[in-house]
Amino acid sequence: QVQLVESGGGLVQAGGSLRLSCAASGRTCSAYAMGWFRQAPGKEREFVAGIRRSGLITYNIDSVKGRFTISRDNAKNTVYLQMNSLKPEDTAVYSCAAALFASTWPFDPDYWGQGTQVTVSS
């Protein structure tokens, strides 16, 4: 069992930056592939970025490439999403997720965090 708790969301102006954190407790997060999903009002949930157990392989969707960076610190059981050059269309609830098996992107999570709101004003 893994518990995931996100933090770092908030309100930011377009062009600004935020760093989201996802702290894992329970089983060590190094056993899991990790990722971030987002859901905007009235839209389906969308996979944003993922990272393999070792942290050596990452994936971002096209709309955030060059702006968002996913990383992990397995010693701290924490995964991060650095978001730069934010746009109003990035406004959503961002959720952290974990999966034991993730051979493709996006992966099918085994565990979810509760989500954190990111709002980008124009």
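Note that this is a predicted model, so its numbers are computed, not measured. Count residues from 1 along the sequence.
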side-chain contact (heavy atoms from CB on, under 4.5 Å) between Y111 and Y32, worked out: CA-CA 10 Å; Y111 302 101; Y32 296 86; 3.7 Å; yes
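- Taking the ring pair (Phe, Tyr, Trp, His ring centres under 6.0 Å) definition, one finds that Y94 meets it with nothing, sequence neighbours left out.
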Pair W36-C96, side-chain contact (heavy atoms from CB on, under 4.5 Å): steps then yes or no: CA-CA 5 Å; W36 290 92; C96 177; 4.0 Å; yes
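- Of the charged side-chain nitrogens involved, none lies within less than 4.0 Å of a carboxylate oxygen, so that K87 and D90 do not count as a salt-bridged pair.
- Within 6.0 Å of the NZ atom in K76, the count of heavy atoms belonging to other residues, nucleotides or ligands does not exceed 12.
- Between L81 atom CG and N60 atom CG the span is 7.5 Å, to the nearest 0.5 Å.
- Note that CG of D110 and CD of Q1 are 10.0 Å apart. Values are rounded to the nearest 0.5 Å.
- Note on W112: it clusters hydrophobically with V79, by side-chain heavy-atom contacts below 4.5 Å among ILVMFWY residues.
- Considering CG of L20 and CD of Q82, their distance stands at 9.0 Å, rounded to 0.5 Å.
- From I51, atom CD1 reaches atom CZ of F107 across 10.5 Å, with rounding to the nearest 0.5 Å.
- Scanning all heavy atoms of the two residues, the minimum distance from D108 to A99 falls at O-CB, 3.7 Å.
- Between F47 and Y59, the ring planes are parallel. Angles under 30° get that label, and only those over 60° would be called perpendicular.
- Just one residue in the list V64, T91, V93 forms a side chain to side chain contact (heavy atoms under 4.5 Å, CB included) with R38, and that residue is V64.
- For the atom pair I70 CD1 and I57 CD1, the distance stands at 13.0 Å (nearest 0.5 Å).
- Taking OG of S7 as the start and OH of Y80 as the end, the distance is 9.0 Å to the nearest 0.5 Å.
- Checking side-chain atoms of E6 against main-chain N and O of Q114 turns up a donor-acceptor pair under 3.5 Å.
- Using a 4.5 Å heavy-atom cutoff, the side chains of L4 and M34 are in contact.
- Side chain of R72 to backbone of G55: no donor-acceptor contact under 3.5 angstrom is found.
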Apply side-chain contact (heavy atoms from CB on, under 4.5 Å) to residues I61 and F68 and explain how you reach the verdict. CA-CA 9 Å; I61 58 174; F68 291 11; over 6 Å; no
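- Nearest heavy-atom pair, S122 versus P88, reported as atom, atom and distance to 0.1 Å: CB-CG, 3.8 Å.
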